[in-house]
Amino acid sequence: QIVAFLYRLDNAQGNGPETGDHPFEDVVRPYQHEPVGWAYRAGVTTGTSDTTFAPDANVTRGDFAVLLWRYAGEPTPATAHGFGDVYRGYQQSAISWMAENGITTGTSPTTFSPEGTMTRAEAATFLYRYVAPEAVAAVASIESDHCLQWYRDFLVGIGLTTDEAACAAPYLVDLGRAYLTGVLNDTHNVDGPLFAAIADVIAAGCVPPARYATVVSVLW
């Protein structure tokens, strides 16, 4: 599906994408042959082996970045991204290029979630920002909103208002869902990163000081 999106984009851009044969024996759906043949000939994909493409496998956010970067001609970014969770070497230039051009804002200021499964909404957002960079500033960050929803719900669940939770959620993303759930269930210790995140939430004015002690006491 991701390759089909790129193939249709190339056609809509008036580039006249040329398709052809491909060596992937596991591509059996008729509608997939032309896009996959085009992607293989254009160097957008090399498959998962010499004879397989894995057309039904989920695509990670990091690998989608690489596909889009290859489609764009593998441009060299001028600056490195600031995402601390991107560790695969082959994804570095692609994600740096996306960040530099406003195609991605990450799932938080310091994370991209490269191993997260790509959703159709996220793919549509990335492609829209790539095609219409002048509209990037006006686009709602679907990728970030999708990631933050769990944290907003978590904070509302421990007593924050909806507005307070929306303000505070970005400061908790780096802690992770498993850790926060464990703290709430007394299976994880309260440690420095949580105190630092709480300090950031207070400094940002997300929770009024008068309510801070009552709300945060729920965590321990």
Side-chain angles (χ1 to χ4, degrees), residues 1-81 83-107 111-133 135-136 139 141-147 177:
Q1 288 178 326
I2 294 297
V3 168
F5 288 166
L6 292 172
Y7 177 68
R8 292 169 190 161
L9 171 62
D10 204 52
N11 189 59
Q13 295 282 77
N15 296 327
E18 296 183 6
T19 187
D21 294 335
H22 59 76
F24 307 126
E25 298 171 357
D26 56 352
V27 177
V28 296
R29 292 182 175 85
Y31 80 90
Q32 294 176 343
H33 283 293
E34 286 191 5
V36 172
W38 161 78
Y40 177 72
R41 288 168 58 93
V44 174
T45 183
T46 56
T48 53
S49 78
D50 290 342
T51 58
T52 59
F53 179 73
D56 294 321
N58 289 329
V59 175
T60 66
R61 288 167 52 86
D63 284 347
F64 179 88
V66 174
L67 292 173
L68 184 59
W69 175 67
R70 288 176 182 165
Y71 171 75
E74 301 187 10
T76 301
T79 56
H81 63 76
F83 305 125
D85 59 349
V86 179
Y87 59 89
R88 298 186 188 277
Y90 72 92
Q91 296 177 350
Q92 301 298 327
S93 291
I95 294 173
S96 292
W97 165 74
M98 288 180 62
E100 184 176 271
N101 288 277
I103 299 170
T104 184
T105 57
T107 51
T111 59
F112 179 75
S113 302
E115 304 304 313
T117 300
M118 193 75 190
T119 68
R120 290 170 60 90
E122 289 171 331
T125 300
F126 285 154
L127 291 174
Y128 176 72
R129 292 173 180 168
Y130 170 71
V131 173
V136 165
V139 177
S141 181
I142 292 176
E143 50 173 325
S144 180
D145 187 70
H146 174 75
C147 174
R177 301 182 185 185

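Not measured: the values here are computed from a predicted model. Only heavy atoms go into these numbers, but all of them, side chains included; no hydrogens, no water, no symmetry mates. Residues take their numbers from the sequence shown, with the count starting at 1.
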Quiz item: Taking the side chain from Asp63 and the backbone from Val59, do they hold a donor-acceptor pair closer than 3.5 Å?
Solution: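 Checked: no pair found.
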query: Does Asp26 reach the main-chain N or O of Thr52 with its side chain, forming a donor-acceptor pair under 3.5 Å?
result: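 A pair under 3.5 Å: no.
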Can you tell me how far apart [atom1] ([X]) and [atom2] ([Y]) are? Round to the nearest 0.5 Å.
X	Y	atom1	atom2	value
Asn101	Arg129	CG	CZ	12.0 Å
Trp69	Tyr130	CH2	OH	13.0 Å
Phe64	Thr119	CZ	OG1	10.0 Å
Leu6	Gln13	CG	CD	11.0 Å
Tyr71	Leu9	OH	CG	4.0 Å
Arg70	Leu68	CZ	CG	11.5 Å

Which atoms form the tightest heavy-atom contact between [X] and [Y], and what is the distance?
X	Y	value
Gln32	Pro55	OE1-CB, 3.7 Å
Phe24	Ser49	CE2-O, 3.7 Å
Val27	His22	CB-CE1, 3.7 Å
Ser113	Asp85	N-OD2, 2.8 Å
Ser96	Ala80	OG-CA, 3.6 Å
Met118	Ala123	CE-N, 3.2 Å

**Message:** How about CG on Asn15, more than 12 heavy atoms from neighbouring residues, nucleotides or ligands closer than 6.0 Å, or not?
**Reply:**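 Check passes, neighbour count above 12.
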**Message:** Tell me whether the count of non-hydrogen atoms from other residues, nucleotides or ligands lying under 6.0 Å of CD in Glu74 goes above 12.
**Reply:**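 Check passes, neighbour count above 12.
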* **Contacts of type side-chain contact (heavy atoms from CB on, under 4.5 Å), residue Pro23, not counting sequence neighbours** =>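 side-chain contact (heavy atoms from CB on, under 4.5 Å) check on Pro23 returns Tyr40.
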Restricting to side-chain contact (heavy atoms from CB on, under 4.5 Å), what partner residues turn up for Arg88, sequence neighbours left out?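 side-chain contact (heavy atoms from CB on, under 4.5 Å) check on Arg88 returns Tyr90, Gln91, Glu115.
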Inset, instruction - Have a look at Trp38 and tell me which of Thr19, Asn11, Thr45 forms a side-chain contact (heavy atoms from CB on, under 4.5 Å) with it. - result: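 Single side-chain contact (heavy atoms from CB on, under 4.5 Å) partner of Trp38 among Thr19, Asn11, Thr45: Thr19.
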Check your understanding: Does a donor on one side chain sit under 3.5 Å from an acceptor on the other, for Thr51 and Glu25?
Key ->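 No, because no side-chain N or O of Thr51 sits under 3.5 Å from a partner of the opposite role on Glu25.
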Kindly write out the residues that satisfy ring pair (Phe, Tyr, Trp, His ring centres under 6.0 Å) with Phe83, not counting sequence neighbours, or none if the list is empty.
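If we apply the ring pair (Phe, Tyr, Trp, His ring centres under 6.0 Å) test to Phe83, skipping adjacent residues, the hits are His81, Phe112.
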